[in-house]
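None of the values given here were measured: they were computed from a predicted structure.
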Protein chains: 2
Amino acid sequence: MSDILTAGNLSFAPLYKRVKMRIMQRLTVGEWKPGEAIPSESRLTEEFQVSIGTIRKAIDELSAEKILVREQGRGTFVATHTEDRFLYYFFRIVDRNGVKIFPQSHMLSFRRMRADANQAERLQITRGARVIRISNLLKLGGKPVEIDEIILPAERFPGLTEEMLLTRSSTIYHLYQAQFGINVIRAAEKLHAVTADDETARILHLQKGSPVLGIARVAYTYNNLPVELRNSYVNTDDHDYFNDLGKST
Amino acid sequence: MSDILTAGNLSFAPLYKRVKMRIMQRLTVGEWKPGEAIPSESRLTEEFQVSIGTIRKAIDELSAEKILVREQGRGTFVATHTEDRFLYYFFRIVDRNGVKIFPQSHMLSFRRMRADANQAERLQITRGARVIRISNLLKLGGKPVEIDEIILPAERFPGLTEEMLLTRSSTIYHLYQAQFGINVIRAAEKLHAVTADDETARILHLQKGSPVLGIARVAYTYNNLPVELRNSYVNTDDHDYFNDLGKST
DNA sequence: TAGTGGTCTAGACCACGTG
DNA sequence: ACGTGGTCTAGACCACTAC
């Protein structure tokens, strides 16, 4: 991503990059909300006073980054986490046949607490700031497969209650979008193998001391702003974490 | 528009897609080899009798897929596995600080054998066909971190010897390129946590029964043709498998 | 200076979704 | 019938690399 361009010195960047950042800016401030259509390309040419090819190149990049979604004949829309193709974008667990199944989430706990030094640093907030800790059990085909421990900066999720999480109908990232205007567009994950602690083993129906796949994720919204930490533990006896290195198009 | 030889049902695909496939075809047959420059865009417009914008769109996709590499003022080149940015493209292990270190490879074994049913299926070869099994130990900063078991279809690697692997100076994927004309452009990986067997634990300096990160990879060349199987086991005590969900542009 | 890829423009026509 | 994004063209100029 363009760390330099976000700083403000994009005066000398190519025109289409500047157009792209102006569109990103509108998305950031919520002028165009997830699920809504942005103005048509020809309308944007008038607004930005550039040719349609330049507009298209800006939107090309934004749709490659899955921030916008084009639909021929209909328009260009702000991506939402309810669409099928995004449901799995941040969920990489597949069964032994490589088939993706959507998980059922069951909340285990919901607590308010203070950020420790590590959490504060990764979330770019001050140590001791209020955070919310949510623990979920994910089931695939009825079987417990993954435990998530989610840490959210409370300041960015004002009024988030246990109730909202219990009654949500879609993914949690869609809840962030719809309720708090926070659009997760990127996540960095670090994976490692660890021995399950006793409680994790019990919940995942594993023998004590079994190995589990640990995933430490930081999720980001626009401008590489971190908005969620997540530590996951996966029972990989019947499932895998799938990763495709390379393209397909 | 005298386009023939566009294999399959691409006869009605957009022009730039057909141009793209024709370029891929040239790469596949080795007409343009890794490291070499392909003809300039203006030359390709003459050759394919299309406008430069169409050529550019075809090359855009191929460079997004890391099959070609553009260099302003110099030309467009067939990607090689010696360039820095590709050294890590298929190697995702980082240290605790998230820093990528390039691994030192040490061969543990080299054997010729026959494909079992599972290997045959994943390599799309017949059961019992000749394969080569290579085992390597990868060290990071002098410490043993990963064991690789590589299975290659012997037919595609004629004359591959233990010597060639011992004396190679770059990555093994570069050896595939340079010696056998096989260009790995994609890999699908499945990750899981397992208990290290005794030998693996010994080699990785782990206690018996320690958890390790298992990676099952299938590597592909053009046209999604599988050319390598690889089972890896990683000591993740001081390292992680890093994955960025989102784009980079 | 010559040749390469990178950007930007302007206009035409096609394919698709909606009313 | 209309408006949308998708493709294709033609030409201009810029930025960079090489000689």
Round to a whole Å and report the spacing from [atom1] of [X] to [atom2] of [N].
X      : N       : atom1 : atom2 : result
F12(B) : dT7(D)  : CZ    : C1'   : 17 Å
L44(B) : dT4(C)  : CG    : C1'   : 12 Å
D60(A) : dG5(D)  : CG    : P     : 12 Å
E46(A) : dA10(C) : CD    : P     : 13 Å
F77(A) : dT4(D)  : CZ    : P     : 11 Å
Y16(A) : dT7(C)  : OH    : C1'   : 8 Å
I52(A) : dA12(C) : CD1   : P     : 13 Å
E41(B) : dC16(D) : CD    : C1'   : 14 Å

Parallel, tilted or perpendicular: which fits the ring planes of F86(A) and Y89(A), with parallel below 30° and perpendicular above 60°?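 Rings of F86(A) and Y89(A): perpendicular, as their planes differ by over 60°.
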Does a nitrogen or oxygen in the side chain of [X] sit under 4.0 Å from OP1 or OP2 of [N]?
X      : N       : answer
R43(B) : dT4(C)  : yes
R74(B) : dG3(C)  : no
T54(A) : dT9(C)  : yes
S51(B) : dA10(D) : no
K57(B) : dC8(D)  : no
R56(A) : dC8(C)  : no

From C-beta outward on T76(A), which listed nucleotide comes closest to its side chain: dT7(D), dT4(D), dG5(D)?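 Closest nucleotide among those given: dG5(D).
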To the side chain of S40(B), which of dT7(C), dG5(D), dG5(C) is closest?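 Closest nucleotide to the S40(B) side chain: dG5(C).
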Is any side-chain N of the basic residue among [X] and [Y] closer than 4.0 Å to the acidic one's carboxylate O?
X      : Y       : value
E41(A) : R70(A)  : yes
R92(A) : E189(B) : no
R26(A) : E47(A)  : yes

Does one side chain, of T80(A) or E83(A), offer a donor that lies under 3.5 Å from an acceptor on the other?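 Note: T80(A) and E83(A) side chains meet the donor-acceptor criterion.
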Specify the residue among Q72(A) and L15(A) whose closest nucleotide of DNA chain C lies further upstream toward the 5′ end.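 This one resolves to L15(A).
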Residue mapping more 5' on DNA chain C - nearest nucleotide basis, I55(A) or R70(B):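 On the 5' side of the pair lies R70(B).
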